[in-house]
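Notes for the one structure printed next.
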Amino acid sequence: MATVSAHDMRREESLLASRTVDEWSVEDSARLYGLAEWGKGYFGVAPSGNLLVTPTKDPRRAIDLHKVIQGLEERGITTPIIVRFRDMAEHRLGEIRGAFDRAMAENGYTGGYSCIYPIKVNQQRHVCEEIRDIGVKLDFGLEAGSKPELLAVLGLTENLGSMPIVCNGFKDEEYVEMAVLAHKLGRNITPVVERYRELELVVKHARAYGVRPRIGIRCKPTTRGSGRWESSGGMRSKFGLQVYGILDAIEYLKQHEMVDCLKMLHFHIGSQISDIRQLKNAVSELAHIYTEMVRLGAGMDTIDVGGGLGVDYDGSQSSWASSINYTINEYAADVVYRIKAACDTAGVKHPRILSESGRAMVAYSSVLVVDVLGRNRYSSDPDMPKCKAMIEAEAKGPPQPIIDLVDAYEALGKRDPVEIHHDASQAFDEAMSLFQLGYLSLPMRAAAERLHWAIGRQVIVKAREASGDGSLHEELQDLPEALSDIYFCNFSVFQSLPDSWAIDQIFPICPIHRLNEKPTRRATLADMSCDSDGKVDRFACVDKRDCKPVLEVHDLVENGTYYLGFFLVGAYQEVLGDLHNLFGDTHVVHVGVDDDGHWEIDEIVEGDTVREVLSYVQFDHEDLERSVRRDSERAVKRGGMTVGDARSLMRFYEGGLEGYTYLE
Ligand code: PLP
């Protein structure tokens, strides 16, 4: 018989099998949830079992996330909450700066480097302002991908004439005109031509306003990225000019005596580049195009390698879609080395390098914390006395599949668990067929279900005991998932974790307390929306290029709130989220830590109220109140309600409109 050896088991399973409840330690939790791997030094566990966040990786300035949540609840701010850590973005940006500085020093690179924050990654004002302020210190800049984003960026860069601004995305007359005017205003702005028509617009408005703008061109490299965003690059990509288009653009600019304005070559091969080889090829290709553009007389001084610096969401450090097989240092070294090599060979001055590494800048700094509202569970106890009473009450005697299920249950511990599983599955399938044909009563179906689930749960326990190392026979591999709990969480996947729903993105998830206790349950997570899609059932699995269908969790305790943290959600999630079921923005709390290691609240941005989300879909709360009031008056008139009932209803209704869209 084929079995699964301990060697083939996931790290999580062997860890759980090798420790009793009493032996369990916080180090085991850290290993189980892969904190070191995906946390990259920002997350750890305190001896108390609470999750620690170290925004600057300095252990003396660690923040106890569970205490923060309790402190916020005392102040009336309840979960779900996004906690944003003040110093973490600065630390991340410092790491990117450091990696490029080292790479440039090691390679003798003289062109300089700036990281550009594409505000689409998270346009919340607080985030943009924080990045801008750090950007001033680190010589970083901002990117706009649309006209509204450009208007925001211009407002954000008052008096910051040297901060580089890159304009990407489709551009109409107004967008281009605004970029040209921003140049006149004294901004260091580069509109990037994505379509030939945009070049004509830039030339038109530059002439009309008498300016000589900086112009960038986005090229379509033959190299594609990898993973979910690979179609952003390559010949069929939506954006950019092919090489013949770039040559035409140079000719066009020469005709208009503006070829010296062509300063920058840009590409973007996709977000979350998981395999460094894609980047190496694309940068080499870009650098060669750059040197040729210089040779053809363009006034080039900058090369922009776009976004794509990825985040290791699952901690596997592999080229799997939720991970990356390189570090920031390797990324920087490759970019710098390849551009330098191409330029040196062609005898071209080293250009300034830009990268638009949005995800890598801000993903780490936000954590979504949710409370678990309840659970669904399959019991390992079928309540035999009740089952037997139901069986005895059957006038025609119990059908054969029910007798078989009872036999299977009673054989637990006496026969091979795999055989019992086979027998019970067969009997259950037969019972369900009989029910569909109308030959099984409802009480007998209920008995079949109780017995089937209980046998399944006990088979897992007995099989693990029998194996000696906690492993499960191949035939039983799917049972833990099929019989796992469902934990209902107070949040909406569509609002707070849209990439999990839309593109199966994996985010690390971990309890933020009780990490000194062995998690004894496995669960999938369901949100509060009324959609069966509103769930998380793919979890990071550190040691394999794989994900697992269930998360190890603690049993819920009476009168105790259980909190789960969804990590690395700072990029894209907040701004891509939607109002499905009218669940609105969650509260966002900005938290810092002082020099003595005490956490402090910098800012609380309260989430949407029900009234606000209703107004987004054009409901006027006064109209709503008036119509409910009219109906309650009618109910009073016909005697269906007392005046007191009507008053309670209105108080409740008005209070509901002003409340949080989540359970409070
Ligand atoms: N630049 C451009 C043109 C993009 O389209 C994107 C995102 O897709 C980015 C930069 C940011 O990419 P990332 O957040 O993966 O670094």
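Each ligand, and each atom within it, is numbered from 1 in the order the structure gives. Computed from a prediction, not measured in an experiment: that's the story for all the values here.
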Side-chain donor-acceptor distances from residues 128-137 under 3.5 Å, at least two apart:
{"from": "E129", "atom 1": "OE1", "to": "R125", "atom 2": "NH1", "distance (Å)": "3.2"}
{"from": "E129", "atom 1": "OE2", "to": "R125", "atom 2": "NH1", "distance (Å)": "3.3"}
{"from": "R132", "atom 1": "NH1", "to": "L156", "atom 2": "O", "distance (Å)": "3.0"}
{"from": "K137", "atom 1": "NZ", "to": "E90", "atom 2": "OE2", "distance (Å)": "3.0"}

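- Counting only heavy atoms from C-beta outward, the side chains of F85 and H91 never approach each other to under 4.5 Å.
- Counting heavy atoms closer than 4.0 Å to ligand 1, residue R359 contributes atoms from both its backbone and its side chain.
- Ring centroid separation for the pair F567 and F507 does not come in under the 6.0 Å cut-off.
- Ring geometry, Y364 versus Y42: the interplanar angle falls from 30° to 60°, so the pair is classed tilted.
- The shortest N/O to N/O separation between G358 and ligand 1 falls below 3.5 Å.
- Note: an N/O pair closer than 3.5 Å links E356 and ligand 1 by distance alone.
- For ligand 1 and Y572, the ligand atoms under 4.0 Å from any heavy atom of the residue are 7 (C), 11 (C), 12 (O), 13 (P), 14 (O).
- Between the side chains of D312 and S323, a donor-acceptor pair is found at a separation under 3.5 Å.
- Ring centers of F566 and F491: under 6.0 Å apart, within the cut-off.
- Between the side chains of R92 and S365, no donor N or O sits under 3.5 Å from an acceptor N or O.
- Numbered from 1 in the order shown, with element, the atoms of ligand 1 that lie under 4.0 Å from a heavy atom of N168 read 3 (C).
- Under a 4.0 Å criterion applied to the non-hydrogen atoms of S357, ligand 1 contributes the atoms 16 (O).
- When only interatomic distances are considered, the shortest N/O to N/O separation between H266 and ligand 1 does not fall below 3.5 Å.
- Distances below 4.0 Å separate heavy atoms of Q272 from the following atoms of ligand 1: 15 (O).
- Not one N or O of G270 is nearer than 3.5 Å to an N or O of ligand 1, by distance alone.
- Proximity to R218 (heavy-atom distance under 4.0 Å) selects the following atoms of ligand 1: 3 (C).
- Contact analysis leaves M361 out of contact with ligand 1, as no non-hydrogen atom separation drops below 4.0 angstrom.
- Using a 3.5 Å distance cut-off with no hydrogens or angles, the side chains of R338 and S284 do pair a donor with an acceptor.
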